[in-house]
2 protein chains.
Amino acid sequence: MARPRSFDESQVLEGAVAMFREQGYEGTSVPDLTAKLGICRQSLYKTFGDKHGLYLKVLENWGQQEVDANLELLAAPGSPLENVRTLIRGFAAMATTCPNEGCLTVTAMVETRADAEALAIVEGHVDSLEQGFRMALEKAREEGELRSDARPDRLARSLTTAVYGMGVLTRLPGSGPRIADAVSVMLETLEAATPHPGR
Amino acid sequence: MARPRSFDESQVLEGAVAMFREQGYEGTSVPDLTAKLGICRQSLYKTFGDKHGLYLKVLENWGQQEVDANLELLAAPGSPLENVRTLIRGFAAMATTCPNEGCLTVTAMVETRADAEALAIVEGHVDSLEQGFRMALEKAREEGELRSDARPDRLARSLTTAVYGMGVLTRLPGSGPRIADAVSVMLETLEAATPHPGR
DNA sequence: GCGGTTACAGAACGAACGTTCTATCATGAC
DNA sequence: GTCATGATAGAACGTTCGTTCTGTAACCGC
């Protein structure tokens with residue numbers, strides 16, 4: 001009954017994620033978006049309301065994809081402590097292999113300090129990661145992978161802080177060694193909380 | 001021989017630091033600057049070249065004030081390990097008491113990913129902090145405050161990463177507990193590297 | 001095939017940006 | 001007091017931003 005749209009909404013969202021990630025919100029103009037996403041201005045406004053609406057949608061989409069994938073990894077069957085280690089190593093690998101595409105969450109935290117809606121979404125992402133760490137570490141303690149006097153909540157908050165530190169230092173070329181050592185110390189801190197630390 | 005200028009250059013720089021810190025580079029317009037700094041447009045361009053020149057000057061000024069103050073603190077006489085602890089606690093206090101004025105270095109890393117000049121200055125700041133940590137920790141090891149098998153370089157890089165993690169999470173309201181726990185774990189990690197960890 | 005509906009393409013809007021230009025004003029040397 | 005000099009104040013430049021408007025093109029049900 002009408003002309004079909006010549007773009008795929010989820011593909012547009014994916015492309016927008018990449019652009020906002022690399023260039024930030026202010027740094028990505030509407031002409032930029034329409035040119036690289038294969039969607040015309042009118043359709044963009046019809047579909048997402050305006051640029052800010054698209055940005056919020058992108059942040060939510062990021063949460064449903066990246067963040068939820070991390071949570072699934074942390075809650076995966078097997079050793080919860082090993083899941084934590086795997087995720088941390090994964091973050092470090094991402095930070096060192098793709099230094100130019102920084103973490104969308106980090107960009108959003110810094111750029112949108114006056115954007116309450118965006119901040120709320122981003123805060124949800126950070127909280128989710130922290131809770132994911134905490135639950136995995138609690139499970140690890142219950143299963144005897146961590147000592148009974150370990151503090152999963154404190155460890156989780158510390159890991160979260162360190163992970164976002166890696167996320168922001170990714171922006172600096174030559175931070176590879178810094179990030180690698182940060183990961184080493186994180187893993188050692190976890191090791192020190194196991195029942196038999198040391199060899 | 002001519003009309004004297006009605007502004008103080010160092011005061012203008014200080015004010016500009018505050019504005020760039022809170023609002024970022026893009027988020028601070030030239031009319032904003034002239035209105036709040038008490039300097040007219042013409043004088044701003046005459047003195048600093050252009051907005052970008054002012055920004056670079058601000059970054060350098062930040063380095064000479066904040067960064068050098070931190071380095072002095074780390075190299076202060078007395079216990080080098082205690083100096084490290086004091087600096088970390090100071091960062092945490094800053095992050096929790098002044099959450100709205102984020103770290104200028106963090107803002108610059110995220111915002112100016114395509115600005116090579118700014119990035120170079122900022123990289124210098126990060127490297128300086130890391131080296132400051134490393135030298136203090138090496139001195140601590142030499143003086144017996146840390147075990148001989150401690151790794152000052154790794155610890156320094158890890159601390160640096162954690163500190164900038166705190167810097168970016170400052171942007172999120174309600175990160176107080178997260179930052180506090182991150183500091184606790186950092187201090188525990190240092191404690192674990194002392195000759196007699198535990199009580 | 002035809003009509004109605006929706007997407008597309010591009011021109012055009014006002015506002016804000018960084019920057020430059022012009023004119024006025026305040027001072028020090030003589 | 002007069003003049004040269006440099007700072008100040010504000011209008012004005014072109015560009016780019018996000019957004020809206022106008023017309024054209026493409027599809028579906030009948």
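These numbers come from the heavy atoms of this one structure, side chains and all, not from hydrogens, waters or symmetry mates. Residue numbering restarts at 1 for every chain, and letters A, B, ... go by the order of the sequence lines.
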message: For DNA chain D, which residues of residues 19-28 of chain B approach it to below 4.0 angstrom with any heavy atom?
response: none
Value in whole Å for how far the P atom of C:dA7 lies from CZ of A:F48: 12 Å
- prompt: Can you tell me how far P of D:dT8 sits from CD of B:E9, to the nearest Å?
  reply: 12 Å
- prompt: In whole angstrom, what separates A:H52's NE2 from D:dT19's P?
  reply: 10 Å
A:K51 NZ/CZ over A:Y25 ring centroid, <6.0 Å and within 45° of normal: yes
Distance in angstrom units between A:D8 CG and C:dA7 C1', rounded: 15 Å
With A:R41 via salt bridge (Lys or Arg N to Asp or Glu O under 4.0 Å) - residues at least two apart: none
task: Identify, with sequence neighbours excluded, every residue that meets side-chain contact (heavy atoms from CB on, under 4.5 Å) alongside A:A162.
output: A:M186
task: Round to the nearest Å and state the distance from B:I39 atom CD1 to D:dA9 atom P.
output: 11 Å
field: Nearest-angstrom distance from the residue atom CG of A:L37 to P of C:dA9
entry: 14 Å
Grab the N/O contacts between the protein and nucleotides 11-15 of chain D below 3.5 Å, and write none if there aren't any.
none

field: With B:E145 via salt bridge (Lys or Arg N to Asp or Glu O under 4.0 Å) - residues at least two apart
entry: none
- line: When rounded to whole Å, the OH to P distance for the pair B:Y45 and C:dT20 reads 7 Å
query: Rounded to the nearest Å, what distance is computed from the CG atom of residue B:L44 to the C1' atom of nucleotide D:dA9?
result: 14 Å
- prompt: In chain order, what residues pass the salt bridge (Lys or Arg N to Asp or Glu O under 4.0 Å) check against A:E9, with sequence neighbours excluded?
  reply: A:R5
message: If the cut-off is 4.0 Å, is B:S43 near the phosphate of D:dA7, judged by side-chain N/O to OP1 or OP2?
response: no
message: If the condition is salt bridge (Lys or Arg N to Asp or Glu O under 4.0 Å), which residues does A:R171 pass it with, not counting sequence neighbours?
response: none
task: Answer yes or no: is there an ion pair linking B:R178 with A:D127, defined by an N-O contact shorter than 4.0 Å?
output: yes
Under 3.5 Å, which donor-acceptor pairs do the side chains of residues 55-75 of chain A form with other protein atoms, sequence neighbours left out?
{"residue": "A:W62", "atom": "NE1", "partner": "A:T105", "partner atom": "OG1", "Å": "3.3"}
{"residue": "A:N70", "atom": "ND2", "partner": "A:E66", "partner atom": "O", "Å": "3.4"}

task: Apply side-chain contact (heavy atoms from CB on, under 4.5 Å) to A:V163 and list each qualifying residue two or more places apart in sequence or on a separate chain.
output: A:F91, A:L129, A:F133
Out of D:dT20, C:dT19, D:dA7, whichever nucleotide has its closest atom nearest the side chain of B:K51: C:dT19
